[in-house]
There are 2 protein chains.
Amino acid sequence: MSTGDFHLPHFLPYLLNQAAEAASHEFQRYYRARYGMLRTEWRVLFHLACYGDMSATRICDLASLHKTKVSRAVAALETKRFLTRAESEDDRRVELLSLTPKGLTVFRDLSGAAERFETDLLEHLTPDEVLHLRSALLKLSGLGERSLQPDVPL
Amino acid sequence: MSTGDFHLPHFLPYLLNQAAEAASHEFQRYYRARYGMLRTEWRVLFHLACYGDMSATRICDLASLHKTKVSRAVAALETKRFLTRAESEDDRRVELLSLTPKGLTVFRDLSGAAERFETDLLEHLTPDEVLHLRSALLKLSGLGERSLQPDVPL
DNA sequence: CAAAACTCGTTACAAATGAAACTGGTCGCA
DNA sequence: TGCGACCAGTTTCATTTGTAACGAGTTTTG
């Protein structure tokens, strides 16, 4: 039958999702098995490790995550003693999140694993392909703009 | 601070996920608002429309979806009268799924919308970039192999 | 041809998610 | 100063998902 000329594997949102899931799969198994972590948890951890201490809201902005998700991830990471909170002195609503040494160690383990998984992934692409791929994805994701926002806007 | 040289927006699984979510967002709003559909539901619908009638298990294989997800999506689509089931004569465990005319109409609407959203997305990329992008994503997704499997293997 | 092993699809229960209400805190402005 | 609008982060509740067990049917194998 095959009605219409729409071809599913050419539809970019679909293709992107399939590629994203396939690409994330091994890494996900790793951090789940090893630290019982959820996706949002490693993301929060990585944001703190890569960009330094910051508030939950700032992580929401950088990672396009909803604040409830981040709130729960922060709670989980605190329970695991991977981070600590400190009330900001400027604004007592804000909590400044910092990784503990333990959290930092976990980050180093995870980022090492991440790099290995990524290397495996990229094995099937030429370096040139990888370059073009990242550039295109960066444009699509809108990740470029966000990271330019200053820490304390205006 | 910025510990380690790991740069999050270069990590492919992360980048892919961000791009995938950004790319899916508008389309998701559309099918949710218009038909109260979930992601798995449109995927099932599209598989039937693009590849013709098939069983739930075959959709699982093609789309890398878990059978419970597909089972629930099929139930929802049946409730909405977008598809019907017919017990296979060869094997009474299997249900052959077919779109109703109504389901087909919905597909035509959704695929039209999908194409418009995709066009918008691709506006920021050159045709050449798009070509490379799709090719790389296809390799990463493993979607290439799956679609080659015959309907009745061996 | 009967019992064991396997497959299709559903269901039941636990865990994760999303939306909205809520708590405590800050800011603007009369 | 005090009141209303706004913001950070949490909690609650409904929805969605994942896992494991299940019922019914088929295939294998002895």
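Note that these values count all heavy atoms, side chains included, but never hydrogens, waters or copies made by symmetry.
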Working to the nearest 0.5 Å, report the span between CZ of R58(B) and CG of L96(B).
11.0 Å
Distance from L99(B) atom CG to L104(B) atom CG, nearest 0.5 Å?
6.0 Å
Distance, rounded to the nearest Å, where [X] contributes [atom1] and [N] contributes [atom2]:
| X | N | atom1 | atom2 | result |
| --- | --- | --- | --- | --- |
| Q28(A) | dA15(C) | CD | C1' | 14 Å |
| L97(A) | dG9(D) | CG | C1' | 11 Å |
| E21(B) | dT17(C) | CD | C1' | 12 Å |
| L65(A) | dG9(D) | CG | C1' | 15 Å |
| K69(A) | dG9(D) | NZ | C1' | 17 Å |
| D91(A) | dG24(C) | CG | P | 16 Å |
| L96(B) | dC8(C) | CG | C1' | 13 Å |
| I59(B) | dT7(C) | CD1 | C1' | 17 Å |

Could you check which of dG9(D), dG9(C), dG25(D) has an atom nearest any side-chain atom of E95(B)?
dG9(C)
I want to verify a distance call: between dT17(D), dG9(D), dG18(C), whose nearest atom is closest to the L38(B) side chain?
dT17(D)
Do the non-hydrogen side-chain atoms of L16(B) and L137(A) ever get within less than 4.5 Å of each other?
yes
Describe, in one word, how the ring planes of F82(B) and Y35(B) are oriented to each other, choosing from parallel (under 30°), tilted (30 to 60°) and perpendicular (over 60°).
perpendicular
Should the ring pair F27(A) and Y30(A) be called parallel, tilted or perpendicular, given that the plane angle runs from 0 to 90° and is split at 30 and 60?
parallel
Contact class for R85(B) (heavy atom, under 4.0 Å): base, sugar-phosphate, or nothing?
sugar-phosphate
Distances under 3.5 Å between nitrogen or oxygen atoms of protein and nucleotides 1-3 of chain C:
none

Sequence-distant partners of S98(B), side chain to side chain donor-acceptor pair (under 3.5 Å), two or more places apart:
D53(B)
Any pair counted as salt bridge (Lys or Arg N to Asp or Glu O under 4.0 Å), so long as it reaches residues 18-39 of chain B, sequence neighbours left out
R34(B)-D109(B)
Please collect all ring-ring contact (aromatic ring centres under 6.0 Å, His included) contacts where either partner lies in residues 124-143 of chain A, sequence neighbours excluded, each pair once.
H132(A)-H132(B)
Report each atom pair, protein N/O against N/O of nucleotides 19-23 of chain D, whose distance is under 3.5 angstrom.
none

Taking only nitrogen or oxygen atoms into account, show me every contact under 3.5 Å that the protein makes with nucleotides 5-7 of chain D, one pair per line with its distance.
from, atom 1, to, atom 2, distance (Å)
dC7(D), O4', R93(A), NH1, 3.4
dC7(D), O2, R93(A), NH1, 2.9

Given the options I59(B), L38(B), L62(B), L65(B), R43(B) meets side chain to side chain contact (heavy atoms under 4.5 Å, CB included) only with L65(B)
